Q: 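Starting off with a structure, shown below.
Computed from a predicted structure; not experimentally measured.
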Amino acid sequence: MHKSLESTAKKIMKWLDDLFFPYVGCIACSAEEELDENHLCDKCAKILREKKIRETRMGDITVLSPYLYSGPAGALVRNLKFRRDGACVKPLADGLVYAFVNRDLRGKCDFIVPVPISKKRYQKRGFNQSELIANELGRIVGVPVRSKCIERIRHTKEQSKLKGRARRRNVMGAFKARDVDGAAILLVDDVYTTGATTYECTKALLEAGAKDVIVLCATISKEYQNMKSEQTA
């Protein structure tokens, strides 16, 4: 079977499976029990309510994240990306809304820009998870989202399969930005690990004329977070 036909067939089968056999468990842990309005069980919902803003820095750039990649938040990211579970977008975006309000970012950004994925990966997955999260954040806080301001100009290997220096080499020079001259930008991504992707995106935006970039990531890997954090009430 031709690859494009095979891909289309798989998407149709996935659609039919979701239609006739809807997923009924917690979207984070799969527990089959009473769920809240975000399709989360009590245990996962409680963990996600206990937000902690984790801050790290890349030179002069601030990176903020409300959740660690471990636990329910990381499961939401994985289920969104690999199981195409759109219900995961809202609770991840809610975490970014908390960070947005807590750090009073409304007057510090002109628009939101999601970290892009390559055209090849977009065709395979059917969506950009960071864009979905960014759109929901923008809808809630009333800040416009501009997805076309930055693009991934070459396909790269999946960062999750690489480590350390290989990650940095993999995305070096992979992004190009435009139409950002003089703008303060809120860059949104799903995961912050080594910071390689975030650094290259930020570099491209600044080189294109952006005056400032603040980064919001839905989750951050525990080993790369800064020791400085703020415990929420």
Q: Using the rule that two of Ile, Leu, Val, Met, Phe, Trp, Tyr join whenever any of their side-chain heavy atoms come within less than 4.5 Å, decide whether Val89 and Leu35 are in one cluster.
A: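 Different hydrophobic clusters.
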Q: When you compare the side chain of Val143 with that of Leu186, does any pair of heavy atoms fall below 4.5 Å?
A: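 With C-beta onward as the side chain, the pair stays apart.
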Q: Quick check: do Cys109 and Ile214 have side-chain heavy atoms less than 4.5 Å from each other?
A: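 Counting from C-beta outward, Cys109 and Ile214 never come under 4.5 Å.
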Q: Given side chains that start at C-beta, do those of Cys201 and Asp189 come closer than 4.5 Å, heavy atoms only?
A: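 They are not in contact (no side-chain heavy atoms under 4.5 Å apart), so the answer is no.
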Q: Given side chains that start at C-beta, do those of Val115 and Thr198 come closer than 4.5 Å, heavy atoms only?
A: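 A side-chain contact under 4.5 Å is absent here.
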Q: Indicate yes or no for a side-chain donor-acceptor contact from Arg57 to the backbone of Asp60 under 3.5 Å, with no hydrogens or angles considered.
A: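 Yes, Arg57 side chain to Asp60 backbone: donor-acceptor pair under 3.5 Å.
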Q: Which heavy atom of Ala87 sits nearest a heavy atom of Ile27, and at what distance?
A: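 For Ala87 and Ile27, the tightest heavy-atom pair comes out as O-CD1, 3.5 Å.
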Q: If you measure from CG on Leu132 to OG on Ser147, what distance do you get to the nearest 0.5 Å?
A: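 It comes to 9.5 Å.
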Q: Report yes if some heavy atom in the side chain of Val191 is under 4.5 Å from a heavy atom in the side chain of Cys217; otherwise report no.
A: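 They are not in contact (no side-chain heavy atoms under 4.5 Å apart), so the answer is no.
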Q: Could you tell me the separation between the CD atom of Gln123 and the CD1 atom of Ile117, rounded to the nearest 0.5 Å?
A: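 Going from CD on Gln123 over to CD1 on Ile117, the span is 10.0 Å.
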Q: Would you call Lys124 and Arg121 a side-chain contact if the rule is heavy atoms closer than 4.5 Å?
A: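 A side-chain contact under 4.5 Å is absent here.
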Q: Can you tell me if Asn135 uses its side chain to pair, donor with acceptor, with the backbone of Val145 under 3.5 Å?
A: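 No.
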Q: Just by distance, do the side chain of Arg146 and the backbone of Val180 share a donor-acceptor pair under 3.5 Å?
A: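 No, because the side chain of Arg146 does not come within donor-acceptor range (under 3.5 Å) of the backbone of Val180.
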Q: Keeping to residues at least two apart or across chains, list the salt bridge (charged side-chain N to carboxylate O under 4.0 Å, His left out) pairs with something in residues 86-102.
A: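 Checked against salt bridge (charged side-chain N to carboxylate O under 4.0 Å, His left out) - neighbours excluded - the pairs reaching residues 86-102 are Lys90-Asp94.
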Q: Check for a donor-acceptor pair, side chain of Thr219 on one end and backbone N or O of Ser70 on the other, with a separation under 3.5 Å.
A: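 Here the side-chain-to-backbone pair does not exist.
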Q: Within this structure, what is the CG-CD1 distance for the pair Leu187 and Ile61, rounded to the nearest 0.5 Å?
A: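 Leu187 atom CG to Ile61 atom CD1 measures 9.5 Å (nearest 0.5 Å).
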Q: Hey, does Leu105 have a side-chain heavy atom less than 4.5 Å from the side chain of Val141?
A: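 Of all side-chain heavy-atom pairs linking Leu105 with Val141, none is under 4.5 Å.
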Q: Can you confirm whether Phe111 is buried at CZ, in the sense that more than 12 heavy atoms of other residues, nucleotides or ligands lie under 6.0 Å from that atom?
A: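 Yes - once you tally the heavy atoms of other residues, nucleotides and ligands closer than 6.0 Å, there are more than 12.
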Q: Would you kindly confirm whether Ile47 and Leu76 end up in one hydrophobic cluster when ILVMFWY residues are joined by side chain heavy atoms under 4.5 Å apart?
A: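 Unlinked, Ile47 and Leu76 end up in two clusters.
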Q: Side-chain contact, heavy-atom cut-off 4.5 Å: Val63 with Met58?
A: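 In short, these two side chains touch, coming nearer than 4.5 Å.
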Q: SG of Cys41 to CD of Glu32: how many Å apart, nearest 0.5 Å?
A: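 CD of Glu32 is found 11.5 Å from SG of Cys41.
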Q: Identify whether Leu92 and Val101 are in the same connected component of the hydrophobic contact network (ILVMFWY, side-chain heavy atoms under 4.5 Å).
A: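 Both belong to a single hydrophobic cluster.
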Q: Quick one: do Thr62 and Glu55 satisfy side-chain contact (heavy atoms from CB on, under 4.5 Å)? Show the steps, please.
A: CA-CA 7 Å; Thr62 298; Glu55 176 179 340; 4.0 Å; yes
Q: Can you name the nearest heavy-atom pair linking Leu216 to Ala99, along with the distance?
A: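 The answer is CD2-CB, 3.8 Å.
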Q: Between Glu200 and Met172 (side chain of the first, backbone of the second, donor and acceptor by atom type, cut-off under 3.5 Å), is there such a pair?
A: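 The answer is no, because no donor-acceptor pair under 3.5 Å joins these two groups.
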Q: Any donor-acceptor pair under 3.5 Å linking the side chain of Ser118 with the backbone of Arg152?
A: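 No; judged by distance alone, with no hydrogens or angles, the pair does not exist.
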Q: From Lys148 NZ over to Arg178 CZ, what is the distance, rounded to the nearest 0.5 angstrom?
A: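 These two atoms lie 8.0 Å from each other.
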Q: So, Asn102 side chain and Tyr98 main chain: donor-acceptor pair closer than 3.5 Å or not?
A: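 Looks like no, no N/O pair under 3.5 Å.
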Q: Minimum heavy-atom separation for Cys44 to Cys26, with atom names?
A: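 What the structure gives for the nearest pair is SG-SG, 3.9 Å.
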Q: Looking only at atom types and distance, does a side-chain atom of Arg54 sit under 3.5 Å from a main-chain N or O of Ser221, one as donor and one as acceptor?
A: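 Checked: no pair found.
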Q: Evaluate Phe175 against Leu205 for side-chain contact (heavy atoms from CB on, under 4.5 Å), listing each step before the verdict.
A: CA-CA 9 Å; Phe175 302 94; Leu205 289 166; over 6 Å; no
Q: Check whether Tyr67 reaches the backbone of Leu48 with its side chain - one donor and one acceptor, N or O, closer than 3.5 Å.
A: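 Judged by distance alone, yes, a pair lies under 3.5 Å.
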Q: Quick one: salt bridge (charged side-chain N to carboxylate O under 4.0 Å, His left out) pairs with a partner in residues 107-119, sequence neighbours left out?
A: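 Pairs touching residues 107-119 that pass the test: none.
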Q: Rounded at 0.5 Å granularity, tell me how far OH in Tyr69 sits from CG in Asp190.
A: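 Those atoms lie 8.0 Å apart.
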Q: When you measure from the side chain of Asp36 to the backbone of Leu40, do you find a donor-acceptor pair of N or O atoms at a distance under 3.5 Å?
A: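 It does hold such a pair.
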